[in-house]
Amino acid sequence: MMLKSGYMLSVTAFIGCVQTCVNNGRLDTLVSIIEKCKKTDLNKSLHPPWRVCNFIADVAMQSDSSDLTYYALEFMAKWIARGEKASPAVLLSVDEGLVVSALGTAGRTYNSRLLDGSWAVLKRSLRQKKVPRPESYIAKIYAHANSGNLQMAFSTLQDFEGDHGNSSEDDGEGLFSPFYSLNPLVVACSKKGFTTLDTVYHQLENLSRADPPYKSIAALNCIILGCANIWDLDRAYQTFNDINTTFGLTPNIHSYNALICAFGKLSKRDEAVKVFEHCIGLGVKPNMTTYSLLIDAHLTTRDPKAALAVIDHMIGAGCEPSKEMLKKVRRRCVREMDYESDEKVESLARQFKIRMGTEVRRDLLFNLHYITDYS
């Protein structure tokens, strides 16, 4: 009523509105109130306290309300600008974890305005004194990839590589892995099949000839795994070869993992093993993803003994098998009635103190006896 009558909304009254809307789950009403305040001269300068801004952002992100999250960050940006102009200056900063959550909300709701606003607030908070953390870049890549903006997603990857080291370095499982942190980019590349994959590849090829050239092994790994996702082994293998011949780069462990995945998806176990052996022969250190993919390739061809041999190799290399890995092998042992291998799986579980548990529901389905005589 106050807004309709043209009165000025006090901060206390606004905080009361916030609490009421949150308690009643009416975040859309709160968005409407903020938008009406922005349209009136008396209320467009409304600045709720910093703690209230954080509270609004937290509630909005839990409910995936992208508009409310944007307005909360906008209030914070005004506070940051006001603090910088004060004498003496008060340097306020938005928590980077909050920005990562906001970028995740932008990705889930396909809201480009929230994406751009979140990144602008983060850069303003960092004040060029340090670079955004890897989690922030990964969240931004996710948001762009989910929105289908591949050009901006790969541009963010380029900035990510520039700020946090070259992706050709050995970064273990995570930072530039197409199976984990960059997987949203892989999914976006393969969403429309080979058309998108070819477009991205040609763009990377053109960028490699630009001045200055941009060559990214992480981007090429995403294409290889994207080809594996659409079961296109020829494209995956050709892209793998082009890493060296066309781009002048050296494949890393993620490149080999993506190729092993491509062979494994098409039940080409022997070829996957050859890729693994070639990788070992070149001195490239396998990671847990490598062993997991190789085990999956063996289990696809119903060979639990070969899968256990890979686990032995993995243990010899200083890695420990995961619970999920042992459960997959045990499941195949039961279905193939390989009780000797099953006992070895149980022995490994005891050795590494892994509680395997039971699979009652899976066993019920596996042991069902279907009746075809309906007479």
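Note that these values count all heavy atoms, side chains included, but never hydrogens, waters or copies made by symmetry.
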Does any donor atom in the side chain of [X] or [Y] lie under 3.5 Å from an acceptor atom in the other side chain?
X	Y	result
T156	D159	no
N54	D95	no
E161	S216	yes
D234	Q238	no

Any salt bridge between [X] and [Y], counting N to O under 4.0 Å?
X	Y	result
R330	D342	no
K268	D270	no
D312	K344	yes

May I ask you to check whether over 12 heavy atoms, not counting those of [X], lie within 6.0 Å of atom [atom1]?
X	atom1	value
Q151	CD	no
R108	CZ	yes
F194	CZ	no
R127	CZ	yes

Would you confirm whether [X], through its side chain, and [Y], through its main-chain N or O, come within 3.5 Å as a donor-acceptor pair?
X	Y	answer
S341	D338	no
S147	A143	yes
K215	L249	no
S32	D28	no
S125	V94	yes
S347	E343	no

Classify the angle between the aromatic ring planes of F240 and Y237 as parallel (below 30°), tilted (30 to 60°) or perpendicular (above 60°).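 Geometry flag for Y237 against F240: parallel rings.
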
Should the pair Y137 and W119 be assigned to parallel (<30°), tilted (30 to 60°) or perpendicular (>60°) ring geometry?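 Judged by the thresholds at 30° and 60°, the geometry between Y137 and W119 is tilted.
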
Can the ring centres of H47 and F14 be said to be less than 6.0 Å apart?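 For H47 and F14, the ring centres are not under 6.0 Å apart.
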
Aromatic ring proximity, centroids under 6.0 angstrom, Y214 and F154: no

Stepwise side chain to side chain contact (heavy atoms under 4.5 Å, CB included) test for S190 and T196: CA-CA 7 Å; S190 53; T196 312; over 6 Å; no

How long is the gap from [atom1] on [X] to [atom2] on [Y], to the nearest 0.5 Å?
X	Y	atom1	atom2	result
I138	L157	CD1	CG	10.0 Å
N221	T239	CG	OG1	10.5 Å
L98	L122	CG	CG	10.5 Å
I141	M152	CD1	CE	11.0 Å
I34	D67	CD1	CG	10.0 Å
T69	L27	OG1	CG	9.0 Å

Is there a ring pair (Phe, Tyr, Trp, His ring centres under 6.0 Å) between H144 and Y110? Walk through the geometry before answering. CA-CA 8 Å; H144 280 306; Y110 314 104; over 10 Å; no

Between Y201 and D242, does a side-chain hydrogen bond (donor to acceptor under 3.5 Å, both in side chains) hold up when you go through it step by step? CA-CA 10 Å; Y201 175 85; D242 289 346; 2.7 Å; yes

Over all atoms of both residues, closest heavy-atom pair of [X] and [Y]:
X	Y	answer
A188	A145	CB-O, 3.6 Å
I33	C21	CD1-SG, 4.3 Å
R133	E96	N-OE2, 2.7 Å
L114	A106	CD2-N, 3.8 Å
H254	F179	O-CE1, 4.4 Å
G107	N146	O-ND2, 3.0 Å

Min side-chain heavy-atom separation [X]-[Y] under 4.5 Å:
X	Y	value
K140	F160	no
I243	T250	no
Y291	I311	no
K265	C261	yes
Y256	H278	yes
Y339	C333	no
S118	L73	yes
I230	L197	yes

Test T290 against N257 for side-chain hydrogen bond (donor to acceptor under 3.5 Å, both in side chains), laying out the working first. CA-CA 5 Å; T290 316; N257 287 348; 2.6 Å; yes

Identify whether NZ of Lys or CZ of Arg in R82 sits under 6.0 Å from the centre of the six-membered ring of F75 and within 45° of that ring's axis. no

Let me see the working for T105 and N111 under side chain to side chain contact (heavy atoms under 4.5 Å, CB included), right down to the final yes or no. CA-CA 8 Å; T105 301; N111 192 313; over 6 Å; no

Given R269, K328, R332, the one that forms salt bridge (charged side-chain N to carboxylate O under 4.0 Å, His left out) with D296: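 Single pass found, and it is K328.
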
Should K353 and E320 be marked as a salt bridge (charged side-chain N to carboxylate O under 4.0 Å, His left out) after you check the CA-CA gap, both sets of side-chain angles, and the distance that decides it? CA-CA 11 Å; K353 298 179 181 179; E320 291 188 7; over 6 Å; no

Determine whether V131 and L126 satisfy the following criterion, side chain to side chain contact (heavy atoms under 4.5 Å, CB included), listing intermediate values before the conclusion. CA-CA 7 Å; V131 298; L126 296 175; over 6 Å; no

Could you walk me through whether R209 and E205 pass the salt bridge (charged side-chain N to carboxylate O under 4.0 Å, His left out) test, one step at a time? CA-CA 7 Å; R209 302 192 188 102; E205 195 174 24; 3.4 Å; yes

Please test I315 against L348 for side chain to side chain contact (heavy atoms under 4.5 Å, CB included), starting from the C-alpha separation and ending with a verdict. CA-CA 10 Å; I315 295 170; L348 287 170; 3.7 Å; yes

